[in-house]
2 protein chains.
Amino acid sequence: MIDDRDRRLLALLQKDAETPLNVLAEKLALSPSACSRRLARLKADGYVTRTMAVLSREKINLPTTVYLLVKTSRHSEDWLQRFHAAVSSIPEILEVHRLTGNYDYILKLALPNVEYYDTIYKAIIRQVELSDMSAHISMETVKLSTALPVGHI
Amino acid sequence: MIDDRDRRLLALLQKDAETPLNVLAEKLALSPSACSRRLARLKADGYVTRTMAVLSREKINLPTTVYLLVKTSRHSEDWLQRFHAAVSSIPEILEVHRLTGNYDYILKLALPNVEYYDTIYKAIIRQVELSDMSAHISMETVKLSTALPVGHI
DNA sequence: TGTGAAACTATTCCGTT
DNA sequence: AACGGAATAGTTTCACA
């Protein structure tokens, strides 16, 4: 139902969603119209959810990445709600996952600088109580892949 | 040099990079051509680096997210090179950051299932020695924002 | 910056394999 | 069921005010 051309198309579109259909068509050894139909199908079937502009973290003045590992003793419904509300109200918090293991949550932050972490820290603890919170500043981004591998489909 | 319309344009393009210029123009109270010129400038100045298709993790058969916290005793040039080579050769490793604090590195993985972690684990330790490695499986994605806040520019 | 024409790109239709 | 080519529709860019 999904063939190798579809996979290659998905890989290409993850790299550059603005590639014109005639160029994509050429790379896939297809006509532009066939390419257009495949793309429409991949969207309709939910493989491609949307397309987005990738901004420069430096230009946008958010060069610093910080990970927060969080533990909590409170696991009530009320606590959860306040936690959800807190993290969704702070746009510098990019990701939040609930984890297995020693920590309850991991948060990923994008900040203008390391000092700014204090602002976020205060904004969080004002809204919810946490039993432990350790910040880990990224000193170097060794790898940052925005393209998911397409070989598991 | 960057005004509020530019910021709004960046925010809109992060949500949907396929929005036609005439509807962007409408939202910004501008003409399509003025909008086109602003976009071209934002790209030329490096604010927008590229545009990409966002794929469904479920559809692509990579629903599971795992974080790896890694410690190492070896910090030689040779070790570093092998580590870089290892992580860049494994496409399921989406992100790698070198950290401050108790851990040396954090890795983010996208996997077909939890069991698949073993495959990645073996692929890593075959290439580099690590003194400690703890896996944290994401049980729930509480927040996943692909759009960077645009208020710090 | 906006307007409108021109250029370009994408989509749909149709006949074919 | 999927393709290529042609016609159509839509989008972007350019010249000029």
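Each chain gets a letter, A, B and so on, in the order its sequence line appears, and its residues count up from 1. A quick note: this is a predicted structure, and the numbers were derived from the prediction, not measured.
- In this pair, B:Tyr103 and A:Tyr103 present their aromatic rings perpendicular. The plane angle is above 60°, beyond the 30 to 60° band.
- If you check the side chains of B:Arg98 and A:Thr141, you find no donor sitting under 3.5 Å from an acceptor.
- Of the N and O atoms on the side chains of A:His136 and A:Ser134, at least one donor lies less than 3.5 Å from an acceptor on the other residue.
- Using a 4.0 Å cutoff on non-hydrogen atoms, the parts of residues 26-47 of chain B near DNA chain D are B:Ser33, B:Ser36, ordered by number.
- Considering all non-hydrogen atoms of both residues, B:Ile153 and A:Lys59 come closest at CG2-O, 4.1 Å.
- Distance alone, capped at 3.5 Å, places no donor-acceptor pair between the B:Arg38 side chain and the B:Arg5 backbone.
- The heavy-atom pair separating B:Ile60 from A:Pro149 by the smallest distance is CG2-O, 4.3 Å.
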Would you sort out whether A:Arg50 and B:Thr146 count as a side chain to side chain donor-acceptor pair (under 3.5 Å), showing the intermediate values?
CA-CA 11 Å; A:Arg50 53 189 249 273; B:Thr146 50; 3.0 Å; yes
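- Taking a cutoff of 4.0 Å between a charged side-chain nitrogen and a carboxylate oxygen, A:Glu129 and A:Arg82 qualify as a salt bridge.
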Between B:Val150 and B:Leu10, is a side chain to side chain contact (heavy atoms under 4.5 Å, CB included) present by the stated rule, with each step listed?
CA-CA 7 Å; B:Val150 105; B:Leu10 291 172; 3.8 Å; yes
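- A nucleotide of DNA chain C counts as in contact with chain A when one of its atoms lies under 4.0 Å from a heavy atom; the first and last such, 5' to 3', are C:dA10 to C:dC13.
- Taking the six-membered ring for Trp and thresholds of 30 and 60 degrees, B:Tyr105 and B:Trp79 have ring planes inclined between 30 and 60 degrees apart.
- From the 5' end on, the contacts that DNA chain D makes with chain B at under 4.0 Å to a non-hydrogen atom open and close at D:dT11 to D:dC14.
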